[in-house]
Enquirer: 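Before I ask anything, here is the structure I am working with.
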Amino acid sequence: MSGESIRITINGKEYEVEKGMPLGELFKLAGVKKAIGGKLGDRILDLQSPVTEPGEIKPITRKDAESLEILRHSLAHIMAQALKEIYGDKRVHLGVGPTTEEGFYYDVEVEGHSVTEEDLPKIEKKMREIIKRDYPILRHELSREEAVKLFKELGEKYKIDIISKIPPEEVISVYKQGDFVDLCRGPHLPSTGRAGSFKLTSIAGAYWMGDSSKPQLQRIYGMAFWDDKELQERLRFYEEVKKRDHRRLGRELEFFTIDENVGAGLILWLPRGATYRRIVEDYLREQHLKRGYQFVYTPHVGKSKLWETSGHLEFYKENMYPPMEMDNETYYVKPMNCPFHIAIYKSKVRSYKELPVRLFELGTVYRYELSGVLHGLLRVRGFTQDDAHIICTEEQVNDEIKNALTFAMEVLKDFGFNEFKVFISTRPEKSVGSDHQWEVTTQALMNAVRELGLNYEIDEGGGAFYGPKIDLKVKDTLGRYWQLSTIQFDFNLPERFDMTYVGEDNQKHRPYMVHRAMLGSIERFTGILLEHHAGLLPVWLSPVQVAVIPIADRHREFCGKVLQRLKSVGIRAELDNRDERMNAKIRDAELKKIPYVLVVGDREVENGAVAVRGKKEGNLGSMGIEEFIRFLQNKLEAKE
RNA sequence: GCCGGCGUAGCUCAGUCGGUAGAGCGAGGCACUCGUAAUGCCUAGGUCGCGGGUUCAAGUCCCGCCGCCGGCUCCA
């Protein structure tokens, strides 16, 4: 101890204490009870941690979210100890064991054994034993040499690796519980008996230090909360996520399929999914035309020269499909649409009077993705973007950004997304473009979000090397955020392709270019949308909006008329004429998540009516046919 | 791509110690004519992902490939 003193504030009172005093003693001094740790700045300290920095310390009790950090940290150690007891001290080599958003994991290597899911209950059982033994968890500080010696003796090769990466000025500490000792900065519980409710959930491979050239360890994941109720809630949440899995919904609703004979990551849209997609695409075209975009089509392949000019072959090659040779030329399948849109821009001399030029395409691109990352519709190798490029003058930059951002949010709202997060990414260290360009455009992005009254976060230096951007994330029903829209400036391609326009001064000028997608990839968006709505899409997007169900054969004729009437006003309806009982048909319609079921029996035929059953609303009783049509059209209008 | 797990009927899954394939749902047929989430009976349906190996014998054991799942990694 240095004998130095520092000023600490706890609960509004200031204390002058010796530097390095453990937090627990400090709390005693301040009369703080029940706390299991404290927060100083961003750092969470446990009761044994020495306090070496002045400042205000916020006591943390089990009620504070930060306390979970302590709990989870200790559970990671308890799991490590359990592994060592089960597989033997020398066989288990520990990597890192941090906390996650809802639990913890530990990267471990068990010599001669691959831990499987079946081992988890056994490990859990051992953990509970250790908790029951209620070992005190003790903190010790060691010199670097002592630490290296200790972990060498323990055969903990990875820990030695970590020690070598700890900055020299930092204190090295270990935490000990029973015979188990682990390199750790903390924070930890006072004893293992204080651990809350947990469950080991899964196992995955993870490279040491995230480096694929280094050995791969096994990452054992756990979930942990103080309260068993919270844990159960979390587990239920995962059940819900599983139920809503778009891959399952996609099959049940007959939206899409992936055939291994066609290829991994390549989507086949089934008739129902294709109907939905056509509606989305028609909607997008209409919205774009309304807002002054011009619709274009471009090819799926282009010569290597094009991709050289664009820089894709230099920077994006590992994501591109391999080249195709023909006529002494090399062609590549497009991973992006931009070079083609630029070629369209350059197909004639452009005057400033034409700008802004807004080119829109539902462009299908192919990108090579590692086989291990493919995931239903969310990660694919071929997909269609709602891609646009806006080419404009500097004066137009502000309005264009604002319009694009408003446009994106309006569109997303129509699909049922109402909560957004906006991220602005600014200039990274390595970048192209002038200071002036970055200044003007970054400002335009900020102005747009401010004028629209949106909250936003800034990702300082997080922009692409070619320009700043705005990303829009939407929150889904389960509280997850998905990045969909992106609006990005590009100072690179206009240079590379020498894009120009003729200004008022009769001189050539370099235009500004913006890449912009709203839904991003229609495939990925569809996956997110299906999960967001749990498969029950808003009526305007449902491939089948109405199922007409006759109760008995004698009602079929009337049902045919109802069907024709619905179709004549553009309602997507199906008549279930199968030789099945009414109840079975209703059940099938429910399972297919058809928004409205019209049941027709003697009473309806007599009154020219239909009995309406809404998927969301339940039985709505009898309505005249025209009345039902108006009812449905109102919902369509409102995009409910 | 890497680690681990998995691949059996359209779907979900069972299949013991290696002895030659099973259920439910779905599909087809017949009967039933029904009032808001499954009517009954009958029938068909399989190169056990693909290729190779071990064995008298392989869905089962071994090797390679493909695909899927969970992660890692990547996402100028």
Side-chain angles (χ1 to χ4, degrees), chain A residues 95 100 105 107 109-110 113-119 201-221 242 245 247-248 251-252 254 257-266 307 310-320 335-336 338 367-376 379 428 430-432 463-467 483 486 488 490 492-493 547 549-556 578-594 596-605 610-615 617-622:
Chain A
T100 61
Y105 65 79
D107 285 350
E109 180 183 273
V110 180
H113 179 73
S114 171
V115 184
T116 66
E117 306 255 341
E118 278 106 73
D119 295 326
T201 51
S202 62
I203 299 177
Y207 296 110
W208 176 236
M209 299 273 170
D211 180 344
S212 59
S213 69
K214 300 234 162 79
Q216 195 164 23
L217 310 185
Q218 288 193 288
R219 179 166 295 178
I220 306 178
Y221 283 91
K242 220 165 134 191
D245 191 316
R247 291 167 295 188
R248 172 186 174 148
R251 187 174 53 238
E252 286 171 2
E254 296 179 35
T257 188
I258 298 169
D259 185 333
E260 64 171 290
N261 294 311
V262 172
L266 302 172
W307 305 108
S310 69
H312 284 93
L313 282 179
E314 197 177 335
F315 298 109
Y316 204 69
K317 192 161 185 185
E318 62 277 23
N319 280 296
M320 290 170 70
M336 293 188 194
C338 354
R367 297 182 187 173
Y368 175 74
E369 298 278 2
L370 296 176
S371 60
V373 307
L374 300 175
H375 184 88
R379 203 70 187 270
K430 277 173 90 180
S431 59
V432 300
F465 77 87
Y466 51 77
Q483 194 204 305
T486 184
Q488 315 193 350
D490 192 326
N492 186 43
L493 293 180
I549 297 179
I551 290 178
D553 289 355
R554 61 178 177 280
H555 310 124
R556 284 186 178 178
R578 288 176 308 158
D579 202 4
E580 273 298 343
R581 297 175 78 215
M582 177 205 66
N583 272 310
K585 292 181 185 180
I586 289 175
R587 180 167 194 272
D588 288 343
E590 288 282 345
L591 291 176
K592 291 282 182 212
K593 303 194 196 292
I594 297 173
Y596 292 99
V597 170
L598 304 183
V599 178
V600 174
D602 290 337
R603 291 202 294 271
E604 283 71 31
V605 174
V610 288
V612 181
R613 177 188 164 112
K615 172 89 184 129
E617 304 95 316
N619 199 338
L620 294 169
S622 240

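These numbers come from the heavy atoms of this one structure, side chains and all, not from hydrogens, waters or symmetry mates. By convention in this document, chain letters (A, B, ...) are assigned in the order of the sequence lines, proteins followed by strands, and residues within each chain are numbered from 1.
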Enquirer: When the P atoms of B:rA9 and B:rG45 are considered, how many whole Å apart are they?
Expert: 15 Å

Enquirer: I'd like the C1' distance from B:rC13 over to B:rC74, given in whole Å.
Expert: 36 Å

Enquirer: Pick the nucleotide of RNA chain B nearest each of A:Val373 and A:Met582; which residue has the one closer to the 5' end?
Expert: A:Met582

Enquirer: Would you state whether a donor and an acceptor, one from the side chain of A:Asp579 and one from the base of B:rC32, lie under 3.5 Å apart?
Expert: yes

Enquirer: If we only count heavy atoms from C-beta on, is the A:Arg247 to A:His375 side-chain gap below 4.5 Å?
Expert: yes

Enquirer: Would you mind classifying the nucleic acid contact of A:Asn619 as base, sugar-phosphate or nothing, using non-hydrogen atoms under 4.0 angstrom?
Expert: base

Enquirer: The side chain of A:Lys615 lies closest to which of these nucleotides: B:rA76, B:rA37, B:rG1?
Expert: B:rA37

Enquirer: With side chains defined as the heavy atoms from C-beta onward, is the minimum distance between A:Asp588 and A:Glu580 less than 4.5 Å?
Expert: no

Enquirer: For the pair made of CG in A:Asp107 and C1' in B:rG71, what is the distance, rounded to whole Å?
Expert: 11 Å

Enquirer: Which part of the nucleic acid does A:Tyr368 contact within heavy-atom distance under 4.0 Å: base, sugar-phosphate only, or nothing?
Expert: sugar-phosphate

Enquirer: In whole Å, I'd like the distance from the CD atom of A:Glu580 to the P atom of B:rU33.
Expert: 15 Å

Enquirer: Side-chain N or O of A:Arg578 versus OP1/OP2 of B:rG29: is the shortest distance under 4.0 Å?
Expert: no

Enquirer: Tell me which of A:Ala611 and A:Arg556 sits closer to the 5' end of RNA chain B, going by the nucleotide each one is nearest to.
Expert: A:Arg556

Enquirer: Between B:rG15 and B:rU60, how far apart are the C1' atoms? Round to whole Å, please.
Expert: 9 Å

Enquirer: Given atom CZ of A:Arg251 and atom P of B:rG26, what is their separation to the nearest angstrom?
Expert: 16 Å

Enquirer: Could you tell me the separation between the CG atom of A:Leu374 and the P atom of B:rG1, rounded to a whole number of Å?
Expert: 9 Å

Enquirer: Find the distance A:Leu591:CG to B:rC11:C1' and express it as a whole number of Å.
Expert: 13 Å

Enquirer: Is B:rG18 paired to anything, Watson-Crick or G-U wobble with both distances less than 3.5 Å, and if yes, which nucleotide?
Expert: none

Enquirer: Closest heavy-atom contact between A:Val432 and A:Tyr466?
Expert: CG2-CA, 3.8 Å

Enquirer: If we take the P atom in both B:rC61 and B:rC6, what is their distance in whole Å?
Expert: 10 Å

Enquirer: Side chain of A:Arg247: nearest nucleotide among B:rA76, B:rC69, B:rU36?
Expert: B:rC69

Enquirer: Looking for any heavy atom pair under 4.0 Å, which part of the strands does A:Val597 touch: base, sugar-phosphate only, or nothing?
Expert: nothing

Enquirer: Does a nitrogen or oxygen in the side chain of A:His375 sit under 4.0 Å from OP1 or OP2 of B:rC68?
Expert: no

Enquirer: Write down the distance between NZ (A:Lys593) and P (B:rA37), rounded to a whole number of angstrom.
Expert: 16 Å

Enquirer: Can you name the residues that form a side chain to side chain contact (heavy atoms under 4.5 Å, CB included) with A:Ser310, not counting sequence neighbours?
Expert: A:Trp307, A:His312, A:Pro339, A:Leu493, A:Phe497

Enquirer: Roughly how many Å apart are B:rC25 and B:rA21, using the P atom of each and rounding to a whole number?
Expert: 23 Å

Enquirer: Which nucleotide in the set B:rC74, B:rC72, B:rU36 lies at the smallest distance from any side-chain heavy atom of A:Ile586?
Expert: B:rU36

Enquirer: If the P atom of B:rC17 is compared with that of B:rC75, how far apart are they to the nearest Å?
Expert: 47 Å

Enquirer: Give A:Ala464 one of three labels, base, sugar-phosphate or nothing, depending on what nucleic acid heavy atoms sit under 4.0 Å from its own.
Expert: nothing

Enquirer: Of the options B:rU36, B:rC75, B:rA76, whose atoms approach the side-chain atoms of A:Arg379 most closely?
Expert: B:rC75

Enquirer: Does A:Glu254 contact B:rG10 through a side-chain donor or acceptor facing the base, at a distance under 3.5 Å?
Expert: no

Enquirer: With a 3.5 Å distance limit and no angle check, can you tell me whether A:Lys585 reaches the backbone of A:Asp579 through a side-chain donor-acceptor pair?
Expert: no

Enquirer: Without decimals, in angstroms, what is the distance between A:Glu369 CD and B:rU73 C1'?
Expert: 12 Å

Enquirer: Could you let me know what B:rC41 is paired to, Watson-Crick or G-U wobble, both distances under 3.5 Å, or none if it's on its own?
Expert: B:rG29

Enquirer: Determine: side-chain N/O of A:Arg581 to OP1/OP2 of B:rA37, distance under 4.0 Å, yes or no.
Expert: no

Enquirer: Is there a donor and acceptor pair closer than 3.5 Å between the side chain of A:Asp553 and the base of B:rU33?
Expert: yes

Enquirer: So, does A:Arg613 get its side chain near the phosphate of B:rG35, meaning an N or O under 4.0 Å from OP1 or OP2?
Expert: no

Enquirer: Please work out if A:Tyr466 contacts a base, only the sugar-phosphate, or nothing of the nucleic acid, heavy-atom cut-off 4.0 Å.
Expert: base

Enquirer: Using a heavy-atom cut-off of 4.0 Å across all strands, would you classify A:Glu109 as base, sugar-phosphate, or nothing?
Expert: nothing

Enquirer: What is the pairing partner of B:rG51, taking Watson-Crick or G-U wobble pairs with both distances under 3.5 Å in any strand?
Expert: B:rC63

Enquirer: Give the minimum heavy-atom separation between A:Arg367 and A:Pro335, together with the two atoms involved.
Expert: NE-O, 2.8 Å

Enquirer: Which nucleotide, B:rG35, B:rG70, B:rU33, lies nearest any side-chain atom of A:Asp602?
Expert: B:rG35

Enquirer: For B:rC11, which nucleotide is its Watson-Crick or G-U wobble mate, given both distances must be under 3.5 Å?
Expert: B:rG24

Enquirer: So does A:Asp553 pair up with A:Arg556, basic N to acidic O under 4.0 Å?
Expert: yes

Enquirer: What is the distance from NZ of A:Lys242 to P of B:rU12, rounded to the nearest Å?
Expert: 13 Å

Enquirer: Between B:rG18 and B:rA57, how far is it from one P atom to the other, in whole Å?
Expert: 15 Å

Enquirer: Checking base pairs now: Watson-Crick or wobble, both atom distances under 3.5 Å. What partners B:rG70?
Expert: B:rC3

Enquirer: Check whether any side-chain heavy atom of A:Val612 sits under 4.5 Å from a side-chain heavy atom of A:Leu598, and report yes or no.
Expert: yes

Enquirer: Pick base, sugar-phosphate or nothing for A:Arg603, based on heavy-atom distances below 4.0 Å to the nucleic acid.
Expert: base

Enquirer: Touch check for A:Ala589, heavy atoms < 4.0 angstrom, all strands: base, sugar-phosphate only, or nothing?
Expert: nothing

Enquirer: Between B:rC62 and B:rG4, how many Å separate the two P atoms, rounded to a whole number?
Expert: 14 Å

Enquirer: Give the minimum heavy-atom separation between A:Val597 and A:Ala589, together with the two atoms involved.
Expert: CG2-CB, 3.6 Å

Enquirer: Report the nucleotide, chosen from B:rU36, B:rC72, B:rG1, that has the shortest atom-to-atom distance to any side-chain atom of A:Leu370.
Expert: B:rG1

